[in-house]
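Here the structure is laid out as C-alpha cells; the discussion comes afterwards.
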Amino acid sequence: MTSTAPETQRGQDAGDPLGEQPTSWQRRLRRFGHVPRPETSLRDRLDPPWTRPGRQVWSVLAIPPYVADRLVRWSAWGGPLLVTLVAGLLRFWRLDQPNAVIFDETYYAKDAWALVNQGYEGSWPKDVDKLILKDPSSVPIPTDPGYVVHPPVGKWIIGFGEQLFGFTPFGWRFMVAVLGTISVLLLCRIGRRLFRSTFLGCLAGLLLAVDGLHFVMSRTALLDLIVMFFVLAAFGCLVVDRDRSRLRLADALPVDEEGVLRPDARIAETLRLGWRPWRLGAGVMLGLAFATKWNGLYVLAAFGLMTVLWDVGARRTAGAARPYMAVLRRDLTPAFLSTVPVAIVTYIVSWTGWIVTDKGYYRNWAATEGKGSSWSWLPDWLRSLWHYENQVYDFHVGLTSGHTYESNPWSWLVLGRPVSYFYEEQAGCKESSTGKCAAEVLAIGTPLLWWLACFALAYVVWRWLFRRDWRAGAIACGVAAGWVPWFFYQERTIFLFYAVVFVPFLCLAVTMLLGAIVGPAAGTGARADLGLTSKDPTGERRRTLGAIAAGVLVLLIIWNFIYFWPLYTGTSIPEDLWRDRMWLDTWV
C-alpha cells in the first residue's frame, strides 16, 4: 500500500518554485491544515517518480528481489487487467436478463437499429416492443423519420452491438457493457498515473467495478454511460499530456555542476512544448462525449480550463516569473485549437448518416421552410442541422413534465431518489410471508461507496484548497463538470442516473481518502504531515491501523454491492428481502 501524498507530489504546483518565504495568506491558512512545500528536487516536482512497494512485503513472502522487480513491472498492466476481468465477468453475466425493453431502452435500442440500417432514426409505432422481443425479424424498420433529441454517436455504438448480435436485449446492451468494462481498465491506469501507485490505481478501478450505478448502466442500453466513457478517456489523455509536457520542460532546464536541475525563468517562459497528441486525443474524446449527449459540452469547458491551469503550474514550477503571461503567449492558442475546434468537427462528423440521406428529420428544412433565409449562402445541410439543434435545445430546456423517479441534483450524492428501470411481481412465492416475489432493476449506486464519497469529496476539496494538491483539484474538476451544470436546470425533469458521468471521479476521491487513512510508508517525505520519522515505531502502528481501517471499508463496500446484487440484476427474491433492501422510503 502507499499514501496518496508521497514527497514528490506534496505541494506540487503550489507556492513559489524559487523558494521564497510563504505569503501571508499561506501563513494564515496553516491554521486550517496548510503546510509549506517540503524541499524536494525540481525534477521530482516536474516529473514525480513512481512509488514502489517496500521490501518488507517481499521479505515476508520470501520472494527474491529480482523476482519482486519483475512482479512490480508486471503489475503495472497485470493488476489493472485482473480487475477489469472481474468487472467484465460481472457485467456480462446474464446480460440478456431481464428479457425486456427496460426504461429508456425503448428509445435508444430502436433508434440505434434504424440508424445503423438506414442512416437516420425512424418513427416507430407504439407498443412495438413486445413484437421486437418475440420476433425482431418480423418488425420492419420505419422509413418515416423520427424526431430524436440526442446526437447520434451513442446510438451508433449501441447499433454496432445490434449488428453483431441481433436486435435483441443482448445485442443492444453488448457495446455498453464493453465500454463499461473498459472504463474500469481506464480508471485503473489513470489512478495509477495520478497517484503514482499501481495499488491505488487498481483500488480505484475495483471501486468502480463494484459501484451499483455504474454496473446497472453498463448493462442497460442508455447513453449516459457512453458519455462517461468518453469523459474518462479524455481525462486520461489530459493526465498523460500533463506528464509528458512537464517532462519536456524538465529536460529543457539547465543542470548545475552537481547534476541538480535548476529553474530558469527564460526557458520556463519561452519554451514551446511542441506537438501534444494526447491533448488532441482529448479533444476527439470530448467531441464524442458531446456527440452522445450535450452535457459533454460542460465537461469540455471545465477540462479545457483545467489543462491550461496545469500549464501555468508547470511553468511556475520551472521558474517562470509571470507564468500566466507565458501560458497566454505560448500555450493558450494551441490548447484551444487542439480541443474546441476538434470537438466541434468531431460532433459534425458524427451526423454523417443524417447528412448523406435526404429522409432524416428536418433534413430538408433549409430547402423548404428555411428557404430565402439571410443565411442561405451556407450549405443546406448545415442550416438544416442548425435548425434541428435549435429545436432540440428548446425541447431540453422546456422538459418540465413530472416523472415518478425524477430527482433534484442536491440529493444525488446521498442517493435520495434512484430510478427503477424494471419491476415485476410474481405470485405464489412460498419463501415470502406476503406470498409474492419481486424482481427489480434499480439504478442506484452502492450506498456505502456513495456515502463514503461524500466525506471523500470534502477531503479532496480541503486538500486542494489547503495543501494545493493538483490531483485533488483534478478530481474535484471531474465531479463538478458532471454534476454542477444540472443545478442550472433544476426545473427540468432530471434523474439520478445522469450522475454516472462523474462516478469514476467519486471512486478516485474515495481512493485518495483511503490512501490517506492508510498513511505514508516509513522513509517517505509524506511522513512530515504526521510528524513521524522513518525510525518512529508509532508510524508503523498508525499505518497498520490505517491499513486495517481502509481494508474494512473496502470489504464493506464489496459486501454492500453483493447485498444489493438482486436489485442490480433483476433477480427474483421474496418480497420480504426486497423490502429489507429499501433502506430509505424514497427508494420505493
Side-chain angles (χ1 to χ4, degrees), residues 104 106-126 128 140-160 162-163 175 223 226-227 230 234 280 283-301 304 336-399 485 489 492:
D104 281 355
T106 187
Y107 304 116
Y108 305 126
K110 291 180 290 190
D111 286 344
W113 184 243
L115 196 62
V116 296
N117 281 281
Q118 60 187 20
Y120 64 94
E121 297 90 338
S123 179
W124 293 85
K126 295 181 178 180
V128 74
I141 301 173
T143 56
D144 291 336
Y147 178 64
V148 295
V149 294
H150 292 298
V153 163
K155 288 167 283 188
W156 279 110
I157 291 173
I158 293 171
F160 181 70
E162 292 173 331
Q163 290 283 71
M175 283 304 299
L223 302 180
I226 300 174
V227 177
F230 290 128
L280 187 66
V284 173
M285 292 298 107
L286 290 169
L288 291 173
F290 171 34
T292 301
K293 288 187 78 171
W294 279 2
N295 51 323
L297 263 179
Y298 295 101
V299 183
L300 172 64
F336 175 83
L337 293 177
S338 59
T339 51
V340 177
V342 170
I344 293 174
V345 170
T346 302
Y347 180 85
I348 294 175
V349 170
S350 73
W351 284 89
T352 299
W354 180 89
I355 293 171
V356 298
T357 183
D358 60 353
K359 294 183 179 180
Y361 205 86
Y362 280 133
R363 177 61 185 85
N364 298 311
W365 176 86
T368 53
E369 294 95 326
K371 191 174 183 180
S373 167
S374 59
W375 296 92
S376 57
W377 54 275
L378 291 173
D380 282 357
W381 67 266
L382 184 59
R383 291 197 296 126
S384 295
L385 181 60
W386 178 261
H387 177 73
Y388 195 172
E389 304 291 68
N390 185 62
Q391 296 300 306
V392 168
Y393 176 79
D394 290 341
F395 168 84
H396 282 303
V397 298
L399 183 62
Y489 300 97
R492 185 187 184 277

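Just so it is clear, the structure is predicted and the values come from calculations on it, not from any experiment. Numbers here are sequence positions counted from 1. All values below were derived from every heavy atom in this structure, side-chain atoms included, with hydrogens, water molecules and symmetry-related copies excluded.
Residues meeting the salt bridge (charged side-chain N to carboxylate O under 4.0 Å, His left out) test with Glu121, sequence neighbours left out: Lys155. In this structure, the side-chain contact (heavy atoms from CB on, under 4.5 Å) partners of Thr292, at least two apart in sequence or on a different chain, are Val153, Leu223, Ile226, Val227, Phe230. Listed by chain and number, the residues in a side-chain contact (heavy atoms from CB on, under 4.5 Å) with Asp380 are Ala366, Ala367, Arg383 (sequence neighbours excluded). Looking at residues two or more places apart in sequence or on another chain, you find a side-chain contact (heavy atoms from CB on, under 4.5 Å) between Pro125 and Val128. Residues passing the side-chain contact (heavy atoms from CB on, under 4.5 Å) test with Tyr147, sequence neighbours excluded: Val149, Tyr361, Tyr362, Tyr388, Gln391, Val392, Phe395.
Side-chain atoms of Trp156 and Leu115, non-hydrogen and from C-beta on, do get closer than 4.5 Å to each other. Proximity of Leu286 to Tyr347: side-chain heavy atoms (C-beta onward) are nowhere separated by under 4.5 Å.
Taking both residues in full, the closest heavy atoms of Leu385 and Trp351 are given as CD1-CD2, 3.7 Å, listed atom of the first, atom of the second, then distance. Closest approach of Ala291 to Ser350, counting heavy atoms only: CB-OG, 3.5 Å.
Ring-plane geometry between Trp294 and Phe290 is classed as tilted, the angle between the planes lying from 30 to 60 degrees on a 0 to 90 degree scale.
Residue pairs meeting the salt bridge (charged side-chain N to carboxylate O under 4.0 Å, His left out) criterion with at least one member in residues 345-367, sequence neighbours excluded, do not occur.
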CA sep, side-chain torsions, deciding dist, call: Ile141, Lys110, side-chain contact (heavy atoms from CB on, under 4.5 Å)
CA-CA 9 Å; Ile141 301 173; Lys110 291 180 290 190; over 6 Å; no
